[in-house]
Undergrad: 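Sharing a structure below in structure tokens format, with a few things to ask.
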Amino acid sequence: MYLFVFVGLAWLLTAPAMAVLTGKIISAADRRARSGAAFAAFGADLRQAAPRPAAGRR
């Protein structure tokens, strides 16, 4: 009986923390996946632009 109470209390105390950690991990992975798409248009613009020197005469 005490084992069921102990396991139940342990689950009640750790389940919310695990849910928060899992949510943060999924959110970070989703944010990282979307960040590449944010720079896709910028990268395409750089590939199509005419090359120019970084320093010196323009």
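Keep in mind that what you see is a predicted model, and the values were worked out from it rather than measured. These values consider heavy atoms only, across backbone and side chains, with no hydrogens, waters or symmetry-generated copies.
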Undergrad: Quick one: hydrophobic cluster around Val20, which other residues, with the 4.5 Å side-chain cut-off, linked directly or via members?
TA: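 None, because no other hydrophobic side chain comes under 4.5 Å of this residue.
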Undergrad: My understanding is that a hydrophobic cluster links ILVMFWY residues whose side chain heavy atoms are under 4.5 Å apart, including indirect links. Using that, what else belongs to the cluster containing Ile26?
TA: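 Noted: Ile26 shares its cluster with no other residue.
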Undergrad: List the atom pairs, donor and acceptor, that lie under 3.5 Å between side-chain atoms in residues 2-19 and the rest of the protein, sequence neighbours left out.
TA:
unit_1	atom_1	unit_2	atom_2	d
Thr14	OG1	Ala10	O	2.8

